Enquirer: 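I have a structure I would like to understand better, so I am pasting it below and will then ask my questions one at a time.
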Amino acid sequence: MLQSFIIILREGFESFLLVAVILSYLRKSRQRQLAPAVYWAIGVALAISGGLGYLLFKMQTGSQDVIEHYLGPRIGPSLTWFLANESLREAVLGVVAIVMVLSLVIYMWRAGPNLKERMEGRLGEVSVSHPGWTAFAGVFLFTVLTISREGMETALLLLQVRSPRLIWGALLGLGAAIAMAWAWAQFGHLINVKRFFQVTGIFLLLFMAQVAIYTLHEFAEAGLLPNSEALHTATEKFSADGLYGKWFSVVMVGACAAWLLGAWLIDRLRNNNSVNPAVLANLNQGR
């Protein structure tokens, strides 16, 4: 439940900020007439993400007999064997999730400080340079791609959460994301967005480490690795219900809390060591 909560909280708040940047640019550039393109794009992107998530879920949990009976004659024996092998399906989806999430987290860390400027530059290209319906279509497609990317990342991450409490965590995360978005809109100067994305990024990286172990476990169960039986037994303890796996969420939260505390202490030390020049000048005059 904690994992799905953090995933929805981060991805939901990140999506809100991306939409806020788009709408803010349209308002500043006096192109409010293009705002409906953003709202339509959000609906389409949510539909695309939901459809993709449902498709991946059915692919991950599909019955072997159903796949072989209905899809076998249409897709050939090789693809049928892949889709009918549940362990292999879950392993491949795990690899896709790891690659996509790592690339996006690293991209956000590197491009985050200049992301707003990049987005506004791209929006300027598709809206100002091409007025009329072309601008409407450009803003619409830009928003669809931006939000769909977050939706696909969310779908792949949630597929890796193997807990019956996933729904409750996702609902709580959605509520927290909405509350945080409202708080940012009202009291943006009090929320350290940079720290939020840093600590949730660390959480996702640690979660991907757990997914990597589980993916190795599934590849071993599918019999595709050397010494598959030994690897399957060795990684069993790190599964969601394993001896070590059930404590992994606690370790992730503890690591993130320790990092956040360390970052807070460093910021406090920096603030204490930095002396305001005006204050220093007044002290010198007093002497």
Side-chain angles (χ1 to χ4, degrees), residues 2-18 21 45 48-49 52-53 55-57 59-60 87-116 118-119 145-163 166 169-170 173 177 193-222 224-225 231 235 238-240 242 244-245 247-260 262-263:
L2 175 65
Q3 293 166 344
S4 59
F5 172 82
I6 296 294
I7 290 169
I8 297 297
L9 172 61
R10 175 192 166 90
E11 300 302 326
F13 186 60
E14 185 175 340
S15 298
F16 167 80
L17 289 181
L18 293 174
V21 169
I48 293 174
S49 302
L52 176 66
L55 180 63
L56 292 175
F57 175 75
M59 176 181 171
Q60 185 185 55
S87 297
L88 184 57
R89 293 198 311 268
E90 293 189 359
V92 170
L93 287 175
V95 171
V96 173
I98 291 170
V99 172
M100 185 172 183
V101 171
L102 287 181
S103 62
L104 287 175
V105 169
I106 293 173
Y107 171 78
M108 286 298 296
W109 277 356
R110 296 179 61 183
N114 302 317
L115 185 61
K116 181 180 179 181
R118 292 186 181 186
M119 288 181 63
L145 292 175
T146 301
I147 304 303
S148 295
R149 182 185 64 184
E150 301 298 324
M152 288 188 288
E153 183 183 6
T154 303
L156 286 169
L157 282 168
L158 290 179
L159 284 175
Q160 307 306 315
V161 181
R162 294 166 175 85
S163 170
L166 181 151
V193 177
K194 179 181 177 181
R195 286 282 182 254
F196 170 79
F197 282 113
Q198 284 178 343
V199 73
T200 53
I202 292 173
F203 184 91
L204 290 182
L205 291 178
L206 293 173
F207 180 47
M208 286 300 100
Q210 185 183 30
V211 173
I213 296 173
Y214 189 82
T215 299
L216 180 65
H217 178 78
E218 292 301 309
F219 273 125
E221 186 172 334
L224 297 180
L225 300 176
L231 286 173
T235 54
F238 294 91
S239 63
Y244 305 129
W247 294 102
F248 205 83
S249 295
V250 178
V251 172
M252 287 191 291
V253 172
C256 292
W259 183 91
L260 194 59

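If you're wondering where the values come from, they're calculated on a predicted model, not measured in any experiment.
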Enquirer: What heavy-atom pair brings V95 and F219 nearest, and what distance separates the two atoms?
Expert: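 Heavy-atom minimum between the residues: CG2-CE1, 3.8 Å.
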
Enquirer: Got a sec, which residues hit side chain to side chain donor-acceptor pair (under 3.5 Å) with E150, two or more places apart in sequence or on another chain?
Expert: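 E150: no side chain to side chain donor-acceptor pair (under 3.5 Å) contacts found.
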
Enquirer: Using every non-hydrogen atom in the two residues, find where I147 and S15 come nearest and quote the distance to one decimal.
Expert: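 Heavy atoms only, the tightest pair is CD1-O, 4.0 Å.
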
Enquirer: How far apart are the closest heavy atoms of L225 and A220, and which atoms are they?
Expert: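 Shortest heavy-atom separation between L225 and A220 comes out as CD1-N, 3.8 Å.
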
Enquirer: How long is the span from the CD1 atom in I6 to the CZ atom in F203, to the nearest 0.5 Å?
Expert: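 Rounded to the nearest 0.5 Å, the CD1-CZ separation comes to 5.0 Å.
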
Enquirer: Is the shortest side-chain heavy-atom distance between L204 and E11 below 4.5 Å?
Expert: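 Yes - at least one pair of side-chain heavy atoms lies under 4.5 Å apart.
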
Enquirer: In sequence, state the C-alpha distance, the side-chain angles, and the governing distance for S49 and T154, and then conclude on side chain to side chain contact (heavy atoms under 4.5 Å, CB included).
Expert: CA-CA 8 Å; S49 302; T154 303; over 6 Å; no

Enquirer: Flag the pair E14 and R10 as a salt bridge only when some basic side-chain nitrogen lies within less than 4.0 angstrom of an acidic carboxylate oxygen.
Expert: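 Salt bridge between E14 and R10, a charged N being under 4.0 Å from a carboxylate O: yes.
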
Enquirer: For the residue pair H217 and Y214, categorise the inter-ring angle as parallel (less than 30°), tilted (30 to 60°) or perpendicular (more than 60°).
Expert: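 Taking Y214 first and then H217, their aromatic rings sit tilted (interplane angle of 30° to 60°).
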
Enquirer: Just how far is it from atom CG of L93 to atom CD1 of I98, taken to the nearest 0.5 Å?
Expert: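 Result: 11.0 Å between the selected atoms.
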
Enquirer: How far apart are the closest heavy atoms of G173 and I8, and which atoms are they?
Expert: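 Here G173 and I8 meet closest at C-CG2, 3.6 Å.
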
Enquirer: Return the set of residues passing side-chain contact (heavy atoms from CB on, under 4.5 Å) with F207 (not counting sequence neighbours), or none when no residue passes.
Expert: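 Partners of F207 by the side-chain contact (heavy atoms from CB on, under 4.5 Å) criterion, ordered by chain and then number, come out as Q3, I7, L157, Q160, V161, Q210, V211, M252.
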
Enquirer: Mind checking ring-ring contact (aromatic ring centres under 6.0 Å, His included) for F5 and listing every partner two or more places apart, or none if nothing turns up?
Expert: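 With neighbours one apart ignored, the set is empty.
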
Enquirer: Looking at OG of S148 and CD1 of I48, how far apart are the two atoms once the value is rounded to the nearest 0.5 Å?
Expert: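 It comes to 4.0 Å.
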
Enquirer: M208 and A97: which non-hydrogen atoms are nearest, and at how many Å?
Expert: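 Heavy-atom minimum between the residues: SD-O, 3.8 Å.
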
Enquirer: Looking at M100 and M152, what are the two nearest heavy atoms and their distance?
Expert: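 Closest pair (atom of M100, atom of M152, distance): CE-CB, 3.8 Å.
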
